[in-house]
2 protein chains.
Amino acid sequence: MDNQNQALDFILQSALLWSGMVKKADQQLSVHGISFSEFGILHQLSLAPQQRLSRIELANAVGLSASGITRLLQPMEKIQLVEKEQNARDARVSLVKLTPTGQQIYLDALQTCNFFATQFVSPLTPRQQEMLVDLLQRL
Amino acid sequence: MDNQNQALDFILQSALLWSGMVKKADQQLSVHGISFSEFGILHQLSLAPQQRLSRIELANAVGLSASGITRLLQPMEKIQLVEKEQNARDARVSLVKLTPTGQQIYLDALQTCNFFATQFVSPLTPRQQEMLVDLLQRL
DNA sequence: ACAATTTACTTGCGCACTCAAGCATCAATC
DNA sequence: GATTGATGCTTGAGTGCGCAAGTAAATTGT
């Protein structure tokens, strides 16, 4: 098994893992009424200073396009998980801010997601999990 | 950083990596006229005994639903990358077989994909790449 | 001061996929 | 050997995105 095949295996193996992972995550998170993508948004917002980010920052943080973010946020605003806020310095950017409701839903969903994620990586020892996260972060 | 957060990081980091990876792979493979999903199909078929698989086997191998496979294969049959073949023992299954054309396109695309994959994992040493593939395969 | 370019979004369109329902075939039970 | 249930696949409807084009605001160049 040479290096090239190893790299190819990595890509194809990831495809397989990922498709299953998202499906299960969405399913588990559905009890909170949110999708995995929406969880990702809540997560990034909760990490952000003052829990607010521009839409572009959000898009980069979760790996979606700007238009994807626009459409994802529409229903989230409607059910008050996040709210719009405009930037005083630059009228182009419309900031997204986590509401208290959104914060609460996030904390609930975080429990579920942590449980799921922990279960997902459970075939590995903690030492191996650490190594895996470390390796991925270098890519 | 406890174990739970590590697991969560793994999931979210994967989301980010994966979204970028597929986009780049699709872009590079477009010179061969195929998508990354289609490459996955050609790859699995080329590995299979007699280069033929049922649609269900294919779906499981690449992580798509049965209906996804049906729709992906339609254009691939039209341009003769694969062909239908029926199973003598069971009239329900319709096998998918790689054509010589498909084989050729696959080999060309494999070069591209190997190059891309190799580049993608290049921030890691060969030793680390090996470890990464090994860890993923246990999940 | 005013055009030209760049940036932050939004919108129209379309593709890729899923889920649920349907059809055909096989297998098991009576 | 008919019925019941499981399996392989296709189809209809709907969702979740991306891409390209459009708008509005900021920045840059002159």
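Naming: A, B, ... by sequence-line order, numbering from 1 per chain.
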From CA spacing to verdict: side-chain contact (heavy atoms from CB on, under 4.5 Å), B:Leu47, B:His43: CA-CA 6 Å; B:Leu47 291 181; B:His43 182 70; 3.7 Å; yes

Linked, directly or transitively: A:Leu110 and A:Met21 (ILVMFWY side chains, under 4.5 Å): yes

A:Leu136 and B:Leu132: CA distance, side-chain angles, deciding distance, side-chain contact (heavy atoms from CB on, under 4.5 Å) verdict: CA-CA 8 Å; A:Leu136 286 184; B:Leu132 179 56; 4.1 Å; yes

Worked check of side-chain contact (heavy atoms from CB on, under 4.5 Å) between A:Thr118 and B:Phe10: CA-CA 10 Å; A:Thr118 303; B:Phe10 166 71; over 6 Å; no

Salt bridge (charged side-chain N to carboxylate O under 4.0 Å, His left out) against A:Asp90, all qualifying residues, sequence neighbours excluded: A:Arg92

Other residues, nucleotides, ligands: >12 heavy atoms within 6.0 Å of B:Lys24 NZ: no

Interface limits on DNA chain C, where chain B has a heavy atom under 4.0 Å of a nucleotide atom: C:dC17 to C:dC26

Residues A:Leu16, A:Leu12; criterion side-chain contact (heavy atoms from CB on, under 4.5 Å); working and verdict: CA-CA 6 Å; A:Leu16 198 50; A:Leu12 294 166; over 6 Å; no

Partners meeting side chain to side chain contact (heavy atoms under 4.5 Å, CB included) with B:Ala109 (sequence neighbours left out): B:Leu29, B:His32, B:Ile34, B:Phe39

Under 3.5 Å side-chain donor-acceptor pair for B:Ser65 and B:Ser67: yes

Within one Ile-Leu-Val-Met-Phe-Trp-Tyr cluster: A:Leu95 and A:Leu53, side-chain cutoff 4.5 Å: no

Contact residues, residues 65-96 of chain B to DNA chain C [heavy atom, < 4.0 Å]: B:Ser65, B:Ser67, B:Gly68, B:Arg71, B:Leu72, B:Asp90, B:Ala91, B:Arg92

For DNA chain D, the residues among residues 11-32 of chain A that have a non-hydrogen atom under 4.0 Å from it: none

Verify same cluster id: A:Val93, A:Val96 (apolar side-chain graph, 4.5 Å): no

Single-linkage hydrophobic cluster, 4.5 Å side-chain cutoff, A:Val62 and A:Leu98 together: yes

For DNA chain C, the residues among residues 47-61 of chain B that have a non-hydrogen atom under 4.0 Å from it: none

